[in-house]
Amino acid sequence: MSGAQFSAETSGGGAFVRQPNRFTGRVTPHSTAPEGGGPDDQGRWPLEAGRYRLIWCRACPWAHRARIVRGLLGLDEVISLGTVDPIRDERGWRFALDPDGFDPVLGIGFLSEAYLSTDRDYTGRVTVPALVDTLTGRVVTNDYPQLTLDLSTEWRRFHAPDAPDLYPVELRPEMDALMAEIHRDVNNGVYRCGFATSQEAYDEAFTALFARLDALSERLAGRRYLMGDAITEADVRLFTTLVRFDVAYHGHFKCNERKLTEMPVLWAYARDLFQTPGFGETVDFDHIKRHYYATHDMINPTRIVPLGPDLSGWTTAHGRG
């Protein structure tokens, strides 16, 4: 598709169709593999503290989810963290932030090396987050929706004593449906706006995005969090899009009906989360802006990174709770 940022993920009608997640292994206490082994014949890796490394980018909303959930659950000392540079070129995500440009644990300069050591024929886009096995250098999973749910369910034995239940059993049917709507229209919806290559595809994504934001505003007008009075995985997933909305999606992805700061309920809700331990300190607006504006050359060929918007409002009183 001419003019597409990712031609392999653009339909004939100009719509962005995100690639499937290639690696879907899972770390679980139910694995039959011995300690240090794995995966078993069902793709289940053994649950071991200190063995796996979460690779993320501060700019990426999908990876940001995993970073927040890992911290909220108290898994920081159980799963190590590797950070890639926000500027991605044709070679993919780089460990340019580390001394000499190599991840100090995995010893690789590009995340693609771990992908290719797992599947030497892999030709898709290299994505974060990726959970990598430090013993073999293989990618366990890049399945970002399942990864965070597994941190809540499969890693429970390593949770901090006061860790929240981000995926309560009794709420899962309603949560799963809500998170699917948020993914389709908001999390991925902003990308469907930004990467559309036809007016029709863009119009459809734009309309669905703001209709969903209006529905979420109505839902949150009468409750502090999406599922009630406690933070859940659903809030984490919505937050990582909202926190990027005005600095990237409003301008860069043409999601410009309204800014987040012009949606009173969602703006207060987002500030509430931002000011909650485990959220705001994981946000890097500089990395976010540099990534979006400097890596999508079909959308922003000059790669000029905007100086705005004013970010001081994030720490103002939110009036919720």
Side-chain angles (χ1 to χ4, degrees), residues 56-72 81 83-88 93 96-97 128-129 182 185-191 193-195 206 209-210 212-214 216-217 220-221 224-226 231 234-297 299-300 302-321:
W56 83 307
C57 175
R58 293 186 177 98
C60 172
W62 319 103
H64 193 187
R65 294 178 183 182
R67 169 70 192 275
I68 292 173
V69 170
R70 168 181 170 271
L72 292 177
L81 191 72
T83 307
V84 292
D85 193 277
I87 305 302
R88 183 188 62 210
W93 298 109
L97 303 175
V128 286
I182 291 171
D185 297 334
V186 182
N187 300 146
N188 198 48
V190 294
Y191 286 88
C193 289
F195 292 154
F206 182 99
L209 167 63
F210 283 96
R212 183 64 56 198
L213 291 174
D214 285 341
L216 292 168
S217 290
L220 288 162
R224 185 172 184 183
Y225 305 115
L226 285 170
I231 290 172
D235 297 295
V236 176
R237 294 187 180 195
L238 181 56
F239 173 78
T240 59
T241 297
L242 294 182
V243 80
R244 288 162 174 77
F245 203 87
D246 288 3
V247 298
Y249 305 144
H250 180 271
H252 185 58
F253 279 173
K254 307 181 184 70
C255 302
N256 63 350
E257 183 177 287
R258 283 160 284 157
K259 296 176 182 174
L260 175 64
T261 55
E262 296 166 347
M263 295 180 264
V265 173
L266 287 177
W267 175 221
Y269 163 79
R271 299 199 315 275
D272 185 5
L273 290 173
F274 185 87
Q275 295 168 32
T276 298
F279 284 82
E281 67 267 28
T282 67
V283 176
D284 190 321
F285 288 115
D286 170 63
H287 277 217
I288 291 168
K289 289 200 295 184
R290 285 196 290 125
H291 166 69
Y292 282 99
Y293 286 97
T295 62
H296 300 144
D297 54 357
I299 300 174
N300 186 36
T302 64
R303 301 191 179 185
I304 291 172
V305 179
L307 293 176
D310 179 4
L311 301 171
S312 61
W314 281 100
T315 54
T316 61
H318 52 77
R320 293 176 67 86

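The residues of the chain are indexed from 1 along the displayed sequence.
No side-chain heavy atom of F239 sits under 4.5 Å from any side-chain heavy atom of D272. The shortest distance between side-chain heavy atoms of T240 and W62 does not fall below 4.5 Å. With contacts defined as side-chain heavy-atom distances shorter than 4.5 Å, the pair W56/V84 does not qualify. Side-chain contact check for V243 versus L273: every heavy-atom pair is 4.5 Å or farther apart. Looking only at side-chain heavy atoms (C-beta outward), Y269 and L216 stay at 4.5 Å or farther from each other.
C60 SG to H287 NE2: the interatomic distance, rounded to the nearest 0.5 Å, is 13.5 Å. With rounding to the nearest 0.5 Å, the separation of CD1 in I68 from CZ in R237 is 12.0 Å. Within the model, atoms CG of L266 and CG of L242 stand 6.0 Å from one another, a figure rounded to the nearest 0.5 Å. Taken from SG in C255 to CG in L260, the straight-line distance is 12.0 Å, to the nearest 0.5 Å. Rounding to the nearest 0.5 Å gives a distance of 10.0 Å between CG of D286 and CZ of R58. In this structure, NE2 in H64 is found 11.0 Å from OG1 in T241, a value given to the nearest 0.5 Å.
Salt bridge status for D214 with R258: present, with a side-chain N to carboxylate O gap under 4.0 Å.
Put simply, the side chain of D235 gets close to the backbone of L226: a donor and an acceptor are under 3.5 Å apart. Listed for the Y292 side chain is no donor-acceptor partner under 3.5 Å among the backbone atoms of Y249. A donor-acceptor contact shorter than 3.5 Å links the side chain of N300 to the backbone of I304. K289 places a side-chain N or O within 3.5 Å of a backbone atom of P306 that can act as its donor or acceptor partner. Between the R320 side chain and the A270 main chain, no donor and acceptor come within less than 3.5 Å of each other.
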| message | Assess the residue pair R290 and R303 against the criterion (side chain to side chain contact (heavy atoms under 4.5 Å, CB included)); give the C-alpha distance rounded to whole Å, side-chain angles, the decisive distance to 0.1 Å, and a yes or no. | response | CA-CA 9 Å; R290 285 196 290 125; R303 301 191 179 185; over 6 Å; no

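In terms of heavy atoms, G194 sits closest to I299 at O-CD1, 3.4 Å. Nearest approach of R88 to T295, heavy atoms of both residues: N-CG2, 3.3 Å. For C57 against D85, the heavy-atom pair with the smallest separation is SG-O, 4.0 Å.
Side-chain contact annotation: T316 with R271, donor-acceptor N/O pair under 3.5 Å present.
Results of the ring pair (Phe, Tyr, Trp, His ring centres under 6.0 Å) test with W314 over F279, F274, F245 single out F274 as the only residue that passes.
Between F206 and F210, the ring planes are tilted. Angles from 30° to 60° get that label.
In this structure, F195 has its ring center under 6.0 Å from that of F253.
Atom NZ of K259 has 12 or fewer heavy atoms from other residues, nucleotides or ligands within 6.0 Å.
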